[in-house]
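To start, the structure itself, in structure tokens.
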Number of protein chains: 2
Amino acid sequence: MEEIDRRIVTLLARDGRMSFTDLARETGLSVSAVHQRVRRLEKRGVVRGYAALVDYDAIGLPLTAFVSIKPIDPAAADDAPERLAHLGAIEACHSVAGDESYILKVRVASPLALEELLNQIRTSANVSTRTTVVLSTPYEHRAPELIGEPDEPGDKPREKA
Amino acid sequence: MEEIDRRIVTLLARDGRMSFTDLARETGLSVSAVHQRVRRLEKRGVVRGYAALVDYDAIGLPLTAFVSIKPIDPAAADDAPERLAHLGAIEACHSVAGDESYILKVRVASPLALEELLNQIRTSANVSTRTTVVLSTPYEHRAPELIGEPDEPGDKPREKA
DNA sequence: TGACCGGGTGGAGGAGATCGACCGCCGGAT
DNA sequence: ATCCGGCGGTCGATCTCCTCCACCCGGTCA
């Protein structure tokens, strides 16, 4: 992937509804060319989708927390992600190195709802939990900056324009 | 906010590029009505924006980590978020309860880049860091489910601007 | 009851998305 | 060196969709 694709991805990460016309203006390509590239990026999975960014306070889920989990039985099969997938309050699940095995990011309506969710997590996945409550979020979902990134040796120098 | 708005937000959170026409079909309203509601949701800040979801492996940032930070001087002013904002590798910054004061989510190209980033974090904000490396991400950015949510008693049925 | 107001419908105009046809560059094979 | 094929670009046509406008309906309050 080279410069222009990177540019497109950056722009779309910043504004997922940007029109192809604007994208074309920003990149100096024609609308069709941009359209083609975006479709290719989507097909290749570089762009996995588009989402509205939501104010969780406003939609009644003002409480965010990180829940680290550790299996109670270290010998049991490690299928926690599937076991927990049905819990809609879980926004993300990361497998991590370190003392615990996964970190979950959860959004709930209240401390009571958090307590209930933790119970569901423990019983669903047979794990112990350690919870870190988020007090506030200065920023989140910042778009990646993928400028620079020196071309790898295998990358053919596609210099144009 | 009532049922239909909730529906719209859910749909847009799942597919940020859904057309107003489709949104109208899903909600049973006219295109104009949906358009109006979405604009209102945007203006009120319920919908804060739209973003493309990106495959970080594909764009050369395959290493994700959580960095917990703690001030070295507990008496110093707590302006870590602003001091760190210029570091583009930081995707999110959450103020948290517990032993540490903030949790950062970072995306970098390599272990070497992570090391360098940690140095920048420490010197920029005068903090100590504790890093948890993400091995894999079973899921992330799942759309919130905001069905149900019984109206709170304090919620007046007629919202004024 | 009558005026007001938030929120709905429908239509018109123009902008934008999408697709096909054509072209030019580059690398590999003859 | 020339031919050939694929990739990626432009241009242009068409159709969808966005966006704005005027109008309408049902509640609320004086």
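Since the structure is predicted, the reported quantities are computational estimates derived from the model, not experimental observations. Each chain gets a letter, A, B and so on, in the order its sequence line appears, and its residues count up from 1.
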*Out of C/dC19, D/dC20, C/dG8, which nucleotide sits closest to the side chain of B/H35?*
D/dC20
_Without decimals, in angstroms, what is the distance between B/K43 NZ and C/dG7 C1'?_
13 Å
*Separation of B/L61 CG from B/Y56 OH (nearest 0.5 Å)*: 8.0 Å
*Say whether, by atom type as modelled, one donor and one acceptor occur between the side chain of A/T123 and the main chain of A/Q120 under 3.5 angstrom.*
yes
*Going by number, which of residues 17-28 of chain A have a non-hydrogen atom under 4.0 Å from DNA chain C?*
A/S19, A/F20, A/T21
*Hey, is A/E145 close enough to B/R107 for a salt bridge, meaning N to O under 4.0 Å?*
no
*Would you kindly compare B/V31 and A/R37 by the position of their nearest DNA chain D nucleotide and give the one closer to the 5′ end?*
A/R37
*Using the six-membered ring wherever Trp is involved, compare the ring planes of B/H141 and A/H141 and label them parallel, tilted or perpendicular (cut-offs 30° and 60°).*
tilted
_Suppose the criterion is side chain to side chain donor-acceptor pair (under 3.5 Å): which pairs have a residue in residues 25-35 of chain B, not counting sequence neighbours?_
B/D22-B/R25
*Nearest whole angstrom, please: distance from the P of D/dG9 to the CD1 of A/I4.*
7 Å
*For D/dT19, does OP1 or OP2 lie under 4.0 Å from any side-chain N or O of B/R39?*
no
Distances under 3.5 Å between protein N/O atoms and the N/O atoms of nucleotides 12-15 of chain D, please, pair by pair.
from, atom 1, to, atom 2, distance (Å)
D/dG12, O6, A/S32, OG, 3.1

*For atom CZ of A/R40 and atom C1' of D/dC7, their distance in whole Å*: 9 Å
*Is the backbone N or O of A/L104 less than 3.5 Å from a side-chain atom of A/S68, with the two atoms forming a donor-acceptor pair by type?*
no
*Have A/S128 and A/R122 got a donor and an acceptor in their side chains that come within less than 3.5 Å?*
no
_Taking the minimum atom-to-atom distance to the side chain of A/A33, which one of C/dT9, D/dG9, C/dT18 wins?_
D/dG9
_Spacing between A/Q36 atom CD and D/dC11 atom P, to the nearest angstrom_ = 14 Å
*Using modelled atom types only, decide if a donor and an acceptor are shared between the side chain of B/R142 and the backbone of A/I90 within a distance under 3.5 Å.*
yes
_Distance alone, cut at 3.5 Å: any donor-acceptor contact between the side chains of B/E42 and B/Y50?_
yes
